[in-house]
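These numbers come from the heavy atoms of this one structure, side chains and all, not from hydrogens, waters or symmetry mates. First the proteins, then the strands, lettered A, B, ... as listed; each starts at 1.
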Amino acid sequence: EHLQTQQLSIPPGARVQYSFPEIFFYKPNLWWPNGMGKQSLYNVTIDVDVKGYGESDMWNHLFGFRKIENYIDSATGGRLFKVNGEPVFIRGGNWILSDGLLRLSKKRYQTDIKFHADMNFNMMRCWGGGLAERPEFYHYCDVYGLLVWQEFWITGDVDGRGDPISNPNGPLDHDLFMLCARDTVKLLRNHASLALWVGGNEQTPPDDINAALKHDLRLHPQFENGNGN
Amino acid sequence: MAEIGKTVLNSGWLAARSTDVDLTGVQLTTTHPPSGPSSPWMTAFVPGTVLATLVENQVLPDPFYGLENKSIIDIADSGREHYTFWFFTKFQCKLAVNQHVDLNFRGINYSAEVYLNGYKKVLGKGMFRRHSLDVTDILSPNGQNLLAVIVHPPDHPGKIPSSGGQGGDHEIGKDVAAQYVEGWDWMTPIRDRNTGIWDEVSLSTTGPVKIMDPHLVSSFFDDYKRAYLHATVELENRSGWVAECSLSIQVETEVEDNICLV
């Protein structure tokens, strides 16, 4: 339906970032959580041809058009979610991981995630003491309409609120934590089901990590204005 | 000529406890590669953990049945070297002119050294990070490549107090790794703390220019009638000359039920 090609020169040995001119869609099929509509997904393909060589690399991903908002409701203090402008009553399930020996497979993920969708859930909460879940997990959450609340690797018990009190300042290497967090965000950020990044379970990460996460995950200024220019 | 794209390396792996192997990574990937699953080498479960491989080979009982977990020695008692393992595999890869190949690890717990055809590369610590190594220049000329990875457990595997408790003695929290592995009120400790090549290993072959980590964002206006797709990519030119590129993005409607788009 939509094909756009741009010409680009890249100097030898260089690493560049390139943004396509935005692509306009009229009334695209939207992606909805389980129970609210279809989980429409579009196949986005990006490829690069090099003059004198041919196709050099290609990437594709199943992408869902959706807008997810969440805010703390002043009346109840609870966190409210909206998808495509519609409020969502969250029916969420706790998720640690699929197998304690990490024998994780597409088939296993599909079975687990579909099971939760069949139980009428519309959110999976990935607990901070478990994994940053894998692309296969998110793929089936995209397919079956399960929003994902993904926590980073901080838990109250282990990071300053447990008994005995320990690691009040989180992991020893904060730079390593942020390197892992940034790489995890890049790995997962294109999935329609990804609804919320959360600093940790029952605990705020150490101030420097929390500030860095909030800064890196803020809404890009380009999308701040809502008037459509 | 290798085909552009990704090749997953998820078969033909072997594993052995590091303390049972007298050879170095250079020897394993040049003069003394293991010949097959004969002691101390066994068939390995990749992606998976050290314990998954030991259970699949019936060296240890499956900890999910009965009280079997009690019969598996905990890393706190055995020491980290007991769960420090070599993983070994071979793969075919022959490149054409101007082709490049990366060896990718999508998740290793907790740190590792990689040996390919006698060359060593050290992977940084951290369970939740990808590693991508440009191995173009160290591939074997005959196309048959030998790969060995020695994987070390988390630096702070911790000890499980007799009283148990959430997260054991919490030492695991000093590392950037999954914390449930020291045990919680709903589960017993994982004896190897999930050490291993726990996520996908792949080779990605490209031409001179490589696409990295595209970012797709949608924005909506006029009550979702008007939508835009914003796409940003990182590109790397690994050749010695200016690359004149045609960069394309294509968006196809999804496959409706069993209707195939041609």
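Considering only heavy atoms from C-beta on, Q99(B) comes within 4.5 Å of Y53(A) through its side chain. Counting heavy atoms from C-beta outward, F64(B) and L101(A) have side chains that approach closer than 4.5 Å. You'll find the side chain of E200(B) stays beyond 4.5 Å of the side chain of R134(A), heavy atoms only. For the pair P171(A)/K174(B), no side-chain contact is recorded, criterion being any heavy-atom separation below 4.5 Å from C-beta on. The shortest side-chain heavy-atom distance between M187(B) and I96(A) does not fall under the 4.5 Å cut-off.
In terms of modelled atom types and a separation under 3.5 Å, the side chain of Y180(B) and the main chain of W127(A) share no donor-acceptor contact. Formation of a donor-acceptor pair under 3.5 Å by the D57(A) side chain with backbone atoms of I211(B) is found in this model. At distances below 3.5 Å, not a single donor-acceptor pair connects side-chain atoms of R129(B) with backbone N or O atoms of L176(A). For the pair N167(A) (side chain) and E171(B) (backbone), a donor-acceptor distance under 3.5 Å is absent. Under the 3.5 Å distance criterion, the side-chain polar atoms of N190(A) are matched with a main-chain donor or acceptor of P214(B).
A salt bridge links R103(A) with D62(B): the distance from a Lys NZ or Arg NE/NH1/NH2 to an Asp or Glu carboxylate oxygen falls below 4.0 Å. A salt bridge links D183(A) to R130(B): at least one charged side-chain nitrogen sits closer than 4.0 Å to a carboxylate oxygen.
The environment of CG in L67(B) is sparse: at most 12 heavy-atom neighbours from other residues, nucleotides or ligands sit within 6.0 Å.
In this structure, chain A has a heavy atom under 4.5 Å from the side chain of D199(B), while its backbone stays farther away.
Counting all heavy atoms, side chain and backbone alike, A178(B) lies closest to G130(A) at CB-O, 3.5 Å. Contact detail for V48(A) and C245(B): the closest heavy-atom pair is CG2-CB, 3.9 Å. Scanning both residues, F63(A) and V217(B), for their nearest heavy atoms gives CZ-C, 4.2 Å. Considering all non-hydrogen atoms of both residues, S56(A) and I4(B) come closest at O-CD1, 3.6 Å. Minimum heavy-atom separation, C180(A) to G126(B): SG-CA, 4.1 Å.
Side-chain contact of Q7(A) with S246(B): a donor-acceptor pair under 3.5 Å is present, judged by distance alone. Side-chain contact of Q179(B) with D157(A): a donor-acceptor pair under 3.5 Å is absent, judged by distance alone.
Relative ring orientation between F128(B) and W153(A) is described as parallel, the plane-to-plane angle staying below 30° on a 0-90° scale split at 30° and 60°.
Once rounded to the nearest 0.5 Å, the distance linking NE2 of H220(A) with OG1 of T232(B) reads 7.5 Å.
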